[in-house]
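See below for the structure under consideration.
Any value given below was found using the heavy atoms of this structure, including those in side chains, with hydrogens, waters and symmetry copies removed.
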Amino acid sequence: MATSSISKSLLTNVLSVYFVLTLIVTSVQVVGEYYDTKNMLVQELNNQQSTFSHSLARSLWEYNTPQIDAIADGLINIPAIAGLVIRDDTGRIVSQLGRTPPLRAFPIISADSYELPEREGVFGYYAKLVFEFSGDSTQVGDVTLYTTRDIAIERIKVSLYFIIGSAIIKSTFLIMLFSFAFHRMLNRPMRDMIGQIKNFRLDDLDHSKLHLRNLRNTEFLLLEQAYNQLVDSLKDYQDDLDRTQKQLLHANRKLDEQNGILEQEVARKTSNLSRVLVDLERQKNDLELRQESLENEIRQRRVIETDLREINSRLQESLSALERAQDQLIESEKMASLGGLVAGITHDVNTPIGISVTAATYIRDQLAEAERALGNKELTQAQLKKVFALSKESLDLLESNLARASDLISSFKQVAVDQTSEAIRDINMKQYVQGVIQTLNPRFKPFKPNIHVDCADDINVRCPAGAFAQIFTNLIINSLIHGFENKQDGDIDIAIKRIDDKLEITYNDNGKGLEQQQLDQLFDPFFTTKVQQGGSGLGTHIIRNLVTQTLNGTIEAQSKPGHGLTYRMTLSVTFI
């Protein structure tokens, strides 16, 4: 396998980097020298223009063409000037010598003088010629001096030779220095080390160690020490191996002795094992009998499990039927409550409507009597005033009773719609609760309760209003039926407050209260204290479902016998 020299690779890499850096530095020096020389040429053109500008301006002012030509010949003979153009104030060329590209090939700058950038190897300097006469300055023309890249290169040719020659000499010296150093410090010690390693003999480790010369404190000294240490370790391993071989021979002899003993022990164990196998066979038969018994038991349990699953399925169907029946009972309870409202509101509406009909009939009779008197020409002013007065009183009575009937019907309509609907709408809590109470007025007649509503006027919420209507209807009806039994003038206090983003409602009556056992079952479905008196036991259950599910809130109740019943509800609603 062909190998490459480390010193050659390292020398190639180092010199490659050095050559690249030398080329870059030399190129930068050449470019810098060129641009410095170019700036010096432009400065010379500027100096020459300054020297001859006064003479040229006077000659142009005096139209002295021979003098202009003489000045142009003198300028073109200057080594730094490759061409020139002299124009008068009209832009006409008066004199043009040497290499003169058109001025329009350069960008035009609005200045009295400026440097012309390099175009196709030509650059120069432009200046206006101004003649001063009697204190006035007049532009009489302009002059443009050109020089070339060849002139700049000619000037820096010696410097270029010096720069390139210096780079070549330094590179040559560096190559020789690196080659000598690499040969002395890397190649020669490496060959010496390889030669000694090739003479390595496993049976003569003492003479196989490395002894390199002229190492000083280089990495080769560390390599020599590591290699010699490896040889010493190998020698120690050989000594350990010899001792281990002797120990192995001794162990083999003892192992042969142990084998004999083991053979005798195996024979004895074999006889014992035969007896054990007989016992195992007997135990196997017993296990098979037990397994057969367990399989019979498993089959019986599977039959029982199948029966249990069928029973569970029938129970699940019964539970579903009970849940549907419960939902139907809840809807029936809602409709029964609505039916009670309809009966009560019908009775209350009949009274103002009957009064309104009576008032309308009375007005019609008065107008008929006045019309008859007018037809008989017996109508007097006093009779007419009396008709007007009586008609006004009857109209006032008619208007007030119709307004009362309208209010009753509006309250009933909204509450009835809310109780049968789950629509979301905006309500004012105080006005809505008072509307529900007004709708329940027909149910208050036997009890005459005192209902107090403590609620701020600005509590407006967006919610399913029907839930609130059903909650307050059931609470008040429960207080009338259960709490105020055989009692009149009971008190009901309703407090509504906003706490942060929650609505807190406290409902309290001073009825007869509940026992602790009754309080524990208060929200259970079908629990009622009027079992034989028409109670369904779904009122408080409906209240809890509306609070916890529809309004996403909590409800709790407190009561003692003789101290009434208190509900506390915390609801999540949207305030507006």
Return yes if some donor-acceptor pair links the side-chain N/O of [X] with the main-chain N/O of [Y] below 3.5 Å, else return no.
| X | Y | result |
| --- | --- | --- |
| Asp457 | Lys430 | no |
| Tyr146 | Arg99 | no |
| Ser50 | Asn46 | yes |
| Asp36 | Gly32 | no |
| Ser95 | Asp69 | no |
| Arg87 | Asp89 | no |
| Asn441 | Gln438 | yes |
| Asp509 | Leu565 | yes |
| Thr37 | Ala152 | no |

Shortest non-hydrogen contact from [X] to [Y]?
| X | Y | answer |
| --- | --- | --- |
| Gln96 | Thr100 | NE2-OG1, 2.6 Å |
| Val461 | Ile576 | N-CG1, 4.0 Å |
| Thr148 | Ala82 | CG2-CB, 3.7 Å |
| Ala80 | Leu45 | O-CD2, 4.1 Å |
| Ile151 | Thr147 | CD1-OG1, 3.5 Å |
| Asp73 | Asn77 | O-ND2, 2.9 Å |

[atom1]/[X]: more than 12 non-hydrogen atoms of other groups inside 6.0 Å:
| X | atom1 | value |
| --- | --- | --- |
| Gln229 | CD | no |
| Tyr35 | OH | no |
| Phe575 | CZ | yes |

(message) Tell me whether Asp426 is salt-bridged to Arg462, with the criterion being a basic N under 4.0 Å from an acidic carboxylate O.
(response) yes

Once you round to the nearest 0.5 Å, how far does [atom1] of [X] lie from [atom2] of [Y]?
| X | Y | atom1 | atom2 | value |
| --- | --- | --- | --- | --- |
| Leu129 | Leu56 | CG | CG | 5.5 Å |
| Leu116 | Thr144 | CG | OG1 | 6.5 Å |
| Thr473 | Leu440 | OG1 | CG | 5.0 Å |

(request) For Thr90 and Asp88, test the side chains for any donor-to-acceptor distance below 3.5 angstrom and give the result as yes or no. (result) yes

(request) Taking atom types as modelled, find out whether Gln558 and Arg568 have a side-chain donor-acceptor pair closer than 3.5 angstrom. (result) yes

(request) Please report the C-alpha distance between Leu551 and Leu546 in whole Å, then the side-chain angles of each, then the deciding distance to 0.1 Å, and finally whether the side chain to side chain contact (heavy atoms under 4.5 Å, CB included) criterion is met. (result) CA-CA 6 Å; Leu551 298 175; Leu546 291 173; 5.5 Å; no

(request) Could you go through the side chain to side chain contact (heavy atoms under 4.5 Å, CB included) check for Val573 and Met429 one step at a time? (result) CA-CA 12 Å; Val573 296; Met429 285 303 301; over 6 Å; no

(request) Report the residues that fulfil salt bridge (charged side-chain N to carboxylate O under 4.0 Å, His left out) with Lys246, sequence neighbours left out, ordered by chain and then residue number. (result) none

(request) Check salt bridge (charged side-chain N to carboxylate O under 4.0 Å, His left out) between Arg544 and all other residues, then give those that pass, not counting sequence neighbours. (result) none

(message) Is the shortest side-chain heavy-atom distance between Tyr126 and Gln49 below 4.5 Å?
(response) no

(request) Using side-chain hydrogen bond (donor to acceptor under 3.5 Å, both in side chains) as the criterion, list what pairs up with Ser572, not counting sequence neighbours. (result) Lys502

(message) Show, in sequence, the C-alpha distance, side-chain angles and deciding distance for Phe468 and Leu503, and conclude whether the side chain to side chain contact (heavy atoms under 4.5 Å, CB included) test is met.
(response) CA-CA 12 Å; Phe468 282 105; Leu503 186 68; 4.0 Å; yes

